Amino acid sequence: MAAGLRTAYAADLTAIPPGTSVSICGWVNRIRQHGEHLVFVDVRDHTGIVQCVLAKRDDLRPEYVVQVSGEVFPRPEGTENPQIPTGSVEIRDGIVTVLSEAEPIPFSLDDRVEVEEATRLRHRYLDLRRERMQRNLRLRAQINSAIRAAMEEQGFVEIETPLLWTPTPEGAREFYVPSRTQPGSFYSLPQSPQIAKQLLMVAGFDRYYQIARCLRDEDLRSDRQFEFTQLDVEASFVGQADVHRFISNAMARVIANVFDGRTVDIGTISWREAMGRYGSDKPDRRFGHPLVDVTGVFAKTEVRALSAPHVAALLDPEPTSLSRARLDQLVERARALGAKGLLWVKVAQDGEGYSISSPVSKLLDRSEVEQLLEQTGAGDGDVILLVADEWEKAVTTLGQIRLERGRHLADPKELDLFWVVDFPLFEGLDEAGKPISAHHPFTMPNEEDLDLLETDPLSVRSQSYDLVLNGWELGSGSIRIHRADIQRRIFSTLGIDEETANSRFGFLLEAFRYGAPPHGGFAIGIDRLAALLAGETNIREIIAYPKTQSGIDLMTQAPKQLDAATLAPLGLTVRPVQRG
RNA sequence: GGACCUGUGGUGCAGCUCGGAGUGCACGCCGGCCUGUCAAGCCGGAGGUCGCGGGUUCAAAUCCCGUCAGGUCCGCCA
């Protein structure tokens with residue numbers, strides 16, 4: 001709704017009767033001066049650009065903030081610009097009022113010009129003027145709005161939880177905030193509202209949601225910032241299928257909203273299948289080329305590099321690009337990823353059959369080659385990549401290579417959205433030989449596997465689940481343990497004694513003694529969701545003020561040192577830091 | 001903590017392999033011309049700590065070492 005100094009936005013003008021007087025406000029986008037008597041001034045607001053035709057004006061510069069009052073007319077025949085939505089109209093002989101002058105800006109705001117990200121971040125307020133960034137942040141707002149509508153429609157209540165929370169030793173590294181009123185003591189910023197929301201279940205808010213800021217002091221990546229935003233959800237008296245339904249409904253609503261009614265199928269795949277076929281618990285399935293288990297082919301092989309508990313095979317997505325040097329790089333890459341190595345087998349048509357070339361071709365017998373070709377479906381010109389190792393190492397290594405080799409072949413318009421279920425409850429053993437929680441220690445085991453807790457904990461599946469979109473983990477959740485006896489068994493398996501459990505989670509365990517309903521929940525990473533739906537490959541593009549990989553805000557130069565006088569009331573002194 | 005890529009007028013690049021004067025291109029900026037352009041066009045001009053420090057050399061943007069910054073990834077992210 002236009003108001004104040006403005007009566008219309010640029011995008012409104014095509015729908016306005018010729019001759020209507022309007023006032024538009026915005027930034028001077030571009031000036032085209034044609035001598036003394038004809039000047040075109042493009043004025044930009046967030047809806048678009050409007051061409052203003054003036055008789056004489058030489059005091060305007062790009063990025064001046066202006067108000068233009070004048071009459072809207074169709075452009076003279078032959079001068080329309082079909083390239084832009086407002087190209088059929090113009091404001092003629094308007095009064096241009098300069099509301100604010102502008103120095104020449106340090107980089108182009110034209111989306112066609114690639115500007116180094118550091119430069120953009122240093123002047124983020126300028127970068128955000130660009131159409132792309134306006135579109136991205138507005139898309140993000142639209143996602144939030146659709147989420148709120150979907151959650152409220154399903155009976156969820158939005159409740160805020162504290163940012164100043166209590167340190168919890170489990171999980172991600174936390175940010176700490178010194179207390180002035182309790183000098184020497186610290187709050188922590190929550191890595192998620194996990195425990196707070198479970199307490200809300202005990203409190204009887206049986207359907208809670210929040211668009212919550214979470215903070216983790218872990219190294220940054222293209223899909224990770226210190227602070228990020230989650231749709232955080234928890235519900236009581238529900239099972240896994242109910243949680244999936246709530247979240248699926250919200251996702252469907254978001255996608256329909258963003259893509260104009262588009263529908264999406266949300267499938268399900270087990271963790272074991274995801275790992276086996278794609279070597280990842282967040283597979284990008286859009287470009288095919290699944291891994292093939294060829295362990296059986298090499299059961300009795302003479303090739304020492306292939307005698308391993310598991311042999312995974314991949315038909316390279318782009319074999320023609322595999323020069324000998326490139327293949328050597330792949331071998332190195334596999335080693336860098338922690339596997340012992342990688343073997344390649346080139347396949348070529350040879351009369352009726354096929355011949356192969358490989359560093360180990362002399363050591364492979366005919367039946368091994370035949371089975372390998374059959375099981376992988378390899379044909380003329382294909383290159384088979386093999387990684388032999390422990391199952392998880394083999395599939396994850398080859399899965400990562402699959403991703404690096406094929407990711408660019410994925411259709412960027414496709415939305416491959418699915419649940420990954422039946423995660424293992426524990427992910428390996430710590431130094432003391434005790435299992436490590438894969439999710440968090442309140443995750444409910446799969447009831448069929450309860451008996452394995454004490455005998456074979458690593459094979460216990462959990463009632464936890466991830467949501468994956470185009471190869472990114474969008475979120476995860478679980479059904480929680482609400483029964484004290486099962487919680488005791490989990491703590492015991494994890495090697496957490498009662499005293500430790502009480503000191504870490506005492507208030508939660510105490511709360512659970514006063515009547516805890518069965519409950520479970522989920523959290524969706526909104527930054528990742530927004531980035532994927534915006535077609536961006538890093539989340540900084542959908543965050544107004546992101547930090548660099550080293551955690552610096554290039555605009556404000558935060559974090560900054562504080563002087564001793566500021567720190568003293570907090571009970572802090574800073575040790576001199578040696579750098580370099 | 002580690003690997004790899006990048007750093008050259010305000011912006012984006014080329015130059016770096018094979019050392020020889022801050023050389024070049026495009027955009028932007030400043031000035032002039034120009035009455036229907038639209039990333040306007042034409043002419044002219046200004047603008048440089050080649051990220052920083054050290055080394056090799058008669059000579060370094062270029063080679064070597066270190067360092068800082070940005071990015072991608074591994075570790076890390078219950």
Side-chain angles (χ1 to χ4, degrees), chain A residues 29-42 49-56 58 61-63 75-84 86-88 90 92 103-123 126 168-174 191-192 194-195 214-226 228 329 332-333 335-338 396-397 400 403-404 407 423 425-428 430 435-443 462 464 473 476 478 490 494 496 504-505 525 537-538 540 547-552 554 557 579-580:
Chain A
N29 197 57
R30 220 169 241 119
I31 298 165
R32 293 176 295 280
Q33 181 106 29
H34 289 245
E36 290 260 314
H37 306 291
L38 180 64
V39 184
F40 299 101
V41 178
D42 290 343
I49 285 171
V50 59
Q51 170 168 287
C52 304
V53 188
L54 305 173
K56 179 173 177 9
D58 57 9
R61 294 288 182 278
E63 300 307 315
R75 294 194 188 180
E77 197 166 340
T79 67
E80 302 92 344
N81 182 357
Q83 311 284 84
I84 59 171
T86 56
S88 61
E90 61 191 16
R92 234 170 271 164
E103 292 177 17
I105 57 171
F107 56 90
S108 170
L109 302 189
D110 193 321
D111 281 335
R112 289 168 294 196
V113 178
E114 285 272 325
V115 179
E116 202 166 320
E117 197 177 351
T119 308
R120 296 169 52 201
L121 292 179
R122 202 163 295 127
H123 305 277
L126 295 179
T168 45
E170 304 277 317
R173 188 180 298 118
E174 298 175 318
Q191 40 184 300
S192 82
Q194 181 62 37
I195 294 176
C214 307
L215 299 107
R216 295 181 188 170
D217 189 4
E218 299 286 355
D219 286 358
L220 281 50
R221 287 281 195 284
S222 59
D223 61 349
R224 281 161 33 189
Q225 284 272 307
F226 285 148
F228 57 99
Q329 281 174 18
E332 275 313 303
R333 182 66 183 139
R335 292 204 179 111
L337 290 167
T396 53
T397 300
Q400 180 63 32
L403 201 57
E404 291 168 11
R407 179 162 35 198
F423 273 77
L425 186 63
F426 306 109
E427 52 174 21
D430 63 16
I436 303 161
S437 280
H439 192 57
H440 57 66
F442 315 111
T443 303
S462 69
S464 68
E473 181 193 318
S476 62
S478 63
I490 296 288
L494 290 169
I496 298 176
R504 292 185 190 174
F505 316 110
T537 54
N538 87 61
R540 297 185 299 277
K547 291 174 182 61
T548 67
Q549 197 159 41
S550 58
I552 293 169
L554 291 177
Q557 295 301 317
R579 285 205 80 178

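Fair warning: this is a prediction, and the values are worked out from it, not measured in the lab. Lettering of chains follows the sequences in order, A, B, ..., and the numbering in each one begins at 1. Reckoned from all heavy atoms, side chains included, excluding hydrogens, waters and symmetry mates.
With P as the reference atom, U8(B) and G51(B) are 6 Å apart, rounded to whole Å. If you take atom C1' in G47(B) and the same atom in G2(B), they sit 41 Å apart, rounded to whole Å. The separation of C16(B) from U11(B), taken at their P atoms, amounts to 23 Å, rounded to a whole angstrom. Between U17(B) and C65(B), the two P atoms lie 15 Å apart (nearest whole Å). For the C1' atom pair drawn from A60(B) and G55(B), the interatomic distance equals 11 Å after rounding to whole Å. Look at the C1' atom in both G10(B) and G28(B): the space between them is 7 Å, to the nearest Å. If you take atom P in C74(B) and the same atom in C30(B), they sit 46 Å apart, rounded to whole Å. Nucleotides G19(B) and U57(B), compared at atom C1', are 9 Å apart to the nearest Å.
Side-chain contact annotation: Gln51(A) with Arg92(A), donor-acceptor N/O pair under 3.5 Å absent. Side-chain contact annotation: Glu174(A) with Thr168(A), donor-acceptor N/O pair under 3.5 Å present.
In this structure A3(B) sits in a base pair with U72(B), meeting the Watson-Crick or G-U test at under 3.5 Å. Nucleotide C25(B) forms a pair with G12(B), judged by Watson-Crick or G-U wobble geometry with both contacts under 3.5 Å. Base pairing of U62(B): no nucleotide in any strand meets the Watson-Crick or G-U wobble criterion (both distances under 3.5 Å). Across all strands shown, C30(B) is found opposite G44(B) as a Watson-Crick or G-U wobble partner, with both distances under 3.5 Å. When Watson-Crick and G-U wobble pairs are counted only if both distances are under 3.5 Å, A39(B) pairs with no nucleotide at all.
Relative to the side chain of Glu218(A), the nucleotides C77(B), G36(B), U72(B) differ in distance, and C77(B) lies closest. Minimum atom distance to the side chain of Asn538(A) is reached by U72(B), of the listed U72(B), C74(B), G31(B). Of the candidates C73(B), A39(B), U37(B), the closest approach to any side-chain atom of Arg75(A) belongs to U37(B). Out of G70(B), C74(B), U37(B), the shortest distance to the side chain of Phe40(A) is found at U37(B). Taking every side-chain heavy atom of Arg30(A) into account, A39(B) is the closest of G36(B), C77(B), A39(B). With A40(B), G70(B), U72(B) as the choices, the nucleotide that has an atom nearest any side-chain atom of Arg32(A) turns out to be A40(B). When distances are taken from the side chain of Asp110(A) to each of C30(B), C73(B), A39(B), the shortest belongs to A39(B). Taking the side chain of Gln549(A) as heavy atoms from C-beta on, and the options G70(B), U72(B), U11(B), the nearest nucleotide is U72(B). Distance from the side chain of Arg224(A) is smallest to G75(B) among G75(B), C38(B), G70(B).
With hydrogens and angles left out, the side chain of Asp219(A) and the base of G75(B) share a donor-acceptor pair within 3.5 Å. Remark: the Glu116(A) side chain and the U6(B) base include no donor-acceptor N/O pair separated by less than 3.5 Å. Judged by distance alone, with hydrogens and angles left aside, Glu77(A) brings no side-chain donor or acceptor close enough to the base of G36(B) to form a pair under 3.5 Å. With hydrogens and angles left out, the side chain of Arg221(A) and the base of G75(B) share a donor-acceptor pair within 3.5 Å.
In summary, Arg221(A) and Asp223(A) do not engage in a salt bridge, as defined by a charged side-chain N under 4.0 Å from a carboxylate O. Using a cut-off of 4.0 Å between Lys/Arg side-chain N and Asp/Glu carboxylate O, Arg173(A) and Asp219(A) are scored as not salt-bridged.
Taking atom CG of Leu403(A) as the reference point, atom C1' of C74(B) lies 14 Å away to the nearest angstrom. Rounded to whole Å, atom P of G75(B) lies 18 Å from atom CG of Asp217(A). One atom, CG of Leu109(A), and another, C1' of C27(B), lie 13 Å apart when rounded to the nearest Å. Atom C1' of nucleotide G36(B) and atom NE2 of His37(A) are separated by 15 Å, given to the nearest angstrom. The nearest whole Å value for the distance from the CG atom in Leu215(A) to the C1' atom in C77(B) is 13 Å. Whole-Å rounding puts the Asn81(A) CG to A40(B) C1' distance at 11 Å. As a whole-Å value, the separation of Glu103(A) CD from U11(B) P is 15 Å. As rounded to whole Å, 20 Å separates atom P of U11(B) from atom CZ of Arg112(A).
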Subject >> Step-by-step side chain to side chain contact (heavy atoms under 4.5 Å, CB included) determination, Arg540(A) to Gln225(A) >> reply: CA-CA 8 Å; Arg540(A) 297 185 299 277; Gln225(A) 284 272 307; 3.6 Å; yes

Original post:
Should Val53(A) and Phe40(A) be marked as a side chain to side chain contact (heavy atoms under 4.5 Å, CB included) after you check the CA-CA gap, both sets of side-chain angles, and the distance that decides it?
Top reply: CA-CA 5 Å; Val53(A) 188; Phe40(A) 299 101; 4.0 Å; yes

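A residue-by-residue look at Ala172(A) and Arg540(A) shows that Arg540(A) has its nearest nucleotide of RNA chain B further toward the 5' end.
Separating the CD1 atom in Ile195(A) from the CZ atom in Arg504(A) is a distance of 11.5 Å, to the nearest 0.5 Å.
Stacking between His34(A) and the base of G36(B) is absent under the criterion of ring centres within 5.5 Å and planes under 30 degrees.
Under the 30°/60° scheme for interplanar angles, the aromatic rings of Phe107(A) and His123(A) are found to be tilted.
At the heavy-atom level, Pro76(A) lies under 4.0 Å from base atoms of the strands shown.
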